[in-house]
There are 2 protein chains.
Amino acid sequence: MKKTIIDVARELNLSPSTISKIVNNTGRISPQTRERVLKYVKESGYVAMSNARKLSSKKSWTIGVIYSDISLVGFEHPFFSRILQSFKNHVESMGYDIVLIVSKLGNNELTYLEWCRNKKVDGILIVMGNINNPNIIEVVASDYPCVSTDIVMPNLHSIISDDAQGIKLGIEFAIKKGLKRISVVSGPLTVRSFNTRVQTFREEMTRRNLKYNEKDIHFTVGFAYEDGYRIGLEIGKKKDNIPDIVLTFSDVLAFGLIRGLEDSGLRIPDDVSVIGYDDIDFARHYTPALTTIAQDTEEIGLRAAKALLLSINEKQEKTQKIALVPVRLVERETTKK
Amino acid sequence: MKKTIIDVARELNLSPSTISKIVNNTGRISPQTRERVLKYVKESGYVAMSNARKLSSKKSWTIGVIYSDISLVGFEHPFFSRILQSFKNHVESMGYDIVLIVSKLGNNELTYLEWCRNKKVDGILIVMGNINNPNIIEVVASDYPCVSTDIVMPNLHSIISDDAQGIKLGIEFAIKKGLKRISVVSGPLTVRSFNTRVQTFREEMTRRNLKYNEKDIHFTVGFAYEDGYRIGLEIGKKKDNIPDIVLTFSDVLAFGLIRGLEDSGLRIPDDVSVIGYDDIDFARHYTPALTTIAQDTEEIGLRAAKALLLSINEKQEKTQKIALVPVRLVERETTKK
DNA sequence: TTGTACGCGTTATCAA
DNA sequence: TTGATAACGCGTACAA
């Protein structure tokens, strides 16, 4: 059976509290006993039972993760799941567990915050969320350490990709290749990153004195392949006015777009160049391999972990901080050489 | 602050134990008080604090998940993550939490079993694992309720796809389309499902009196796109002896294969038909859209959840059980009409 | 039918 | 420097 701290204490002729202090590195203990205990603990493989520990101490060594309001998006989401993966690797190496927050506990519906209090999580990571969700708002407004890799809100620390840079990279690339007529395919503007990118597109085009038409900025209703496909067909129709290159704001959308373009008789990249966004695995597996703006999910997850751990350990006042992680353009086959 | 069971008791002029009995539906309580308490509990949103509850009771309402020995495979794995997602949805609706088992707790390296005992998980799901891993063997040999959606071992309950059926479907399809020369691209035989499929292929071809050459069964060293690509090039080389159709044992491998074939100057499906395996999202997004053997991840996850919950609630003796979940062939564009 | 008292394994506080 | 004791919040025999 499992050893308890009492067993260890008895076998060492010490009191449980002494063991506890040593294991947790708290209080003053003589070097001799410390060493003796540490040695024994190591040999016997004693580990404090987590529930008891959590009950008695304040820390839970657990981080709550809000992965998606709309639980439609599963783990397999190629972008967010990579961020989570990276985050997880890092916090685990620091001894923290991850637990996905659901608004349901047994038979009770709980708000995220209630759920977190109940589980006594130490901090909260919002991998993706909706800024209008009261549950999210409540969490961010609470005194819980929070970090987000998606949304931006007052009093929230966000680690996100540099969306403006991505668009500038895209435009710069187009110009360098001599592709003058630039179109855009964006997802819904309710998503911050899409919004930023569209804004930046307008600004940058203007700043560079490049002509563009508002009609060249297309919006999809959703995030799916089919949404991109629809736009592809649409663009394909205006035979007289085909863009040289289209900047698409997600790889999945880009795949759909390309197929739509192809089904309209256009060849990629000979007739139209296409740039995606995200650089998910399939971007390089697609035929033709997709030129895309790569987001550094590894770095985002890592920095989110560091930021959250930091604010857990030295509770600072909550302020809005936004850390921008650089993106880069990966040239493949969907753009003209 | 959070309400405790004592608060509730005091406010209702009852004792904590009475509340506990009612909430947990144990012991005999008069209908009146029961109703009164239930009503109050609902209104006030009281939920037992999970750590305390776990400490004092035997159940933890938590299921440990072994997702991967080699932590190389992330959440975004298109196949296993869908199974996990489905499993999660189901057990959550039954009030269970999921926690990913890592062999590390704080600074201590633990075996999976030690970890589970420490966290007092109620049961274990092996989404994917390695039958030679001592950690896995120990867990399966223990008295913990275990279910796997991947590996097959003595005394383990496994919910897996009907691999034999998948191959039969593939061969049948080929014959129906008049595609005589059938090749196979398999992953490493150390993986059970690949092994079964290869075996079935041999048996079925023999049973149907179809000719095949052992050289037509190709093996990759890994699971990646590049592994498939390499085989594609290889097949493409033997100009005189191109198969009519190739059964590939994963979609990712199939994508690589197709590209390899195309880079050898072969057209899909005009020169060669290709069938994948899994039916991940991208199978239908690929160009050409991939004909493939679809595994029912939703069903696998669901049945795994039911099986595990069942064996948690009525501890039966551990025996080997293997539940086969049907697959189906989805015809798309990589096979001749 | 309800309440009392104790145990679950730890940590924190305070005394020795 | 170490140890005794209470407290964490809940479940559960057992007593009332």
Side-chain angles (χ1 to χ4, degrees), chain A residues 1-38 40-41 44-62 95 105-106 108 114 117-122, chain B residues 1-38 40-41 44-62 95 105-106 108 114 117-122:
Chain A
M1 210 49 257
K2 235 194 103 43
K3 262 203 177 61
T4 74
I5 201 170
I6 298 181
D7 298 328
V8 176
R10 190 174 32 227
E11 283 157 38
L12 251 38
N13 266 328
L14 288 168
S15 80
S17 50
T18 305
I19 311 296
S20 173
K21 283 172 199 157
I22 293 174
V23 170
N24 297 300
N25 223 327
T26 152
R28 6 189 125 278
I29 299 291
S30 76
Q32 298 95 320
T33 33
R34 145 162 283 123
E35 192 158 349
R36 187 161 68 99
V37 171
L38 247 28
Y40 182 84
V41 162
S44 66
Y46 163 76
V47 178
M49 186 144 297
S50 67
N51 293 317
R53 177 186 212 156
K54 290 177 192 172
L55 178 59
S56 165
S57 75
K58 292 311 160 195
K59 265 190 98 110
S60 74
W61 293 96
T62 302
L105 195 61
N108 305 79
E114 286 168 344
R117 288 211 200 289
N118 186 296
K119 296 273 184 182
K120 285 209 175 141
V121 306
D122 293 331
Chain B
M1 212 48 258
K2 235 197 101 41
K3 262 199 177 61
T4 74
I5 201 171
I6 300 182
D7 298 326
V8 176
R10 191 173 33 225
E11 282 156 37
L12 252 36
N13 265 328
L14 290 168
S15 81
S17 63
T18 306
I19 311 295
S20 172
K21 283 172 199 157
I22 293 175
V23 170
N24 297 301
N25 223 327
T26 151
R28 1 188 129 282
I29 299 290
S30 75
Q32 298 94 320
T33 33
R34 145 161 280 122
E35 192 159 345
R36 188 160 68 100
V37 171
L38 246 28
Y40 182 85
V41 163
S44 67
Y46 164 76
V47 178
M49 187 146 296
S50 67
N51 293 318
R53 178 186 210 153
K54 289 176 192 172
L55 179 58
S56 125
S57 76
K58 291 311 161 196
K59 265 189 100 107
S60 74
W61 294 96
T62 302
L105 194 62
N108 304 80
E114 287 168 344
R117 289 209 199 289
N118 187 297
K119 296 272 183 182
K120 284 209 176 139
V121 305
D122 293 330

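First the proteins, then the strands, lettered A, B, ... as listed; each starts at 1.
Mapping A/S57 and B/S57 onto DNA chain C by nearest heavy atom places B/S57 closer to the 5' end of the strand. Toward the 5′ end of DNA chain C lies the nearest nucleotide of B/L14, the other residue of the pair B/L14 and B/A52 mapping further downstream.
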Which atom pairs link the protein and nucleotides 5-7 of chain C when you take only N or O atoms and keep those under 3.5 Å?
none

For nucleotides 14-16 of chain C, list the nitrogen or oxygen atoms of the protein found under 3.5 Å from its nitrogen or oxygen atoms, one pair per line.
none

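If you check C/dT10, D/dT2, C/dT11 against the side chain of A/N24, the one that comes closest is C/dT11. Nearest nucleotide to the side chain of B/L55, out of D/dG3, D/dT12, C/dG9: C/dG9. Listed candidates were C/dT10, C/dG3, D/dC10. Nearest to the side chain of B/A48 is D/dC10.
One interatomic measurement links the two molecules: CG of A/N13 to P of D/dT2, which rounds to 13 Å at whole-angstrom precision. Atoms CG (B/N25) and C1' (C/dT1) sit 16 Å apart, rounded to a whole Å. A/I22 places its CD1 atom 12 Å from the P atom of C/dT11, with the value rounded to the nearest Å. When rounded to the nearest whole Å, the span between CD1 of B/I5 and P of D/dG9 equals 12 Å. B/N51 places its CG atom 13 Å from the C1' atom of C/dC8, with the value rounded to the nearest Å. Distance CD1 (B/I19) to C1' (D/dC10): 12 Å, rounded to an integer number of Å. Taking atom NZ of A/K120 as the reference point, atom C1' of D/dG9 lies 8 Å away to the nearest angstrom. Straight-line distance from the CG atom of B/L12 to the C1' atom of C/dG3: 15 Å, rounded to whole Å.
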### From CA spacing to verdict: side chain to side chain contact (heavy atoms under 4.5 Å, CB included), B/N51, A/R53
CA-CA 9 Å; B/N51 293 318; A/R53 177 186 212 156; over 6 Å; no

### Residue pair A/S44, A/K3: steps toward the side chain to side chain contact (heavy atoms under 4.5 Å, CB included) verdict
CA-CA 9 Å; A/S44 66; A/K3 262 203 177 61; 4.2 Å; yes

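Note that CG of A/N25 and OG of A/S20 are 11.0 Å apart. Values are rounded to the nearest 0.5 Å. Separating the OG atom in B/S50 from the NZ atom in A/K54 is a distance of 7.5 Å, to the nearest 0.5 Å. Atom CG of A/N118 sits about 9.0 Å away from atom OH of B/Y46, to the nearest 0.5 Å. Summarising the geometry, atom CD1 belonging to B/I19 is positioned 5.0 Å from atom CG belonging to B/L14; distances are rounded to the nearest 0.5 Å. One finds the CZ atom of A/R34 at 7.0 Å from the CG atom of A/L38 (value rounded to the nearest 0.5 Å). A/E35 contributes atom CD, which lies 14.0 Å from atom CD1 of A/I29 (distance to the nearest 0.5 angstrom).
Remark: the B/S30 side chain and the B/T33 side chain contain an N/O donor-acceptor pair separated by less than 3.5 Å.
With sequence neighbours excluded, the residues satisfying salt bridge (Lys or Arg N to Asp or Glu O under 4.0 Å) with B/R10 are B/D7. Every residue two or more places apart in sequence or in another chain was checked for a side-chain hydrogen bond (donor to acceptor under 3.5 Å, both in side chains) with A/T62, and none qualifies.
Between A/R53 and C/dT11 there is a side-chain polar atom (N or O) within less than 4.0 angstrom of OP1 or OP2. OP1 or OP2 of D/dG3 sits under 4.0 Å from a side-chain N or O of A/S15. For B/Y46 and D/dG9, the shortest distance from a side-chain N or O to OP1 or OP2 is not below 4.0 Å.
Near DNA chain D, meaning a heavy atom under 4.0 Å from it, residues 28-36 of chain B has no residue at all.
In the helix from C/dT1-D/dA16 to C/dA16-D/dT1, the terminal helix axes, each the rotation mapping four pairs' C1' atoms onto the next four within five end pairs, subtend 40°, rounded to 10°.
With hydrogens and angles ignored, the 3.5 Å screen pairs a side-chain donor or acceptor of A/D122 with a backbone N or O of A/W61. Here the side chain of B/T26 pairs no donor or acceptor atom with the backbone of B/K21 at under 3.5 angstrom.
The closest side-chain heavy-atom distance from B/M49 to B/T4 is not below 4.5 Å. Two residues are said to be in side-chain contact when any heavy atoms from C-beta on lie closer than 4.5 Å; B/L12 and B/R36 meet this criterion.
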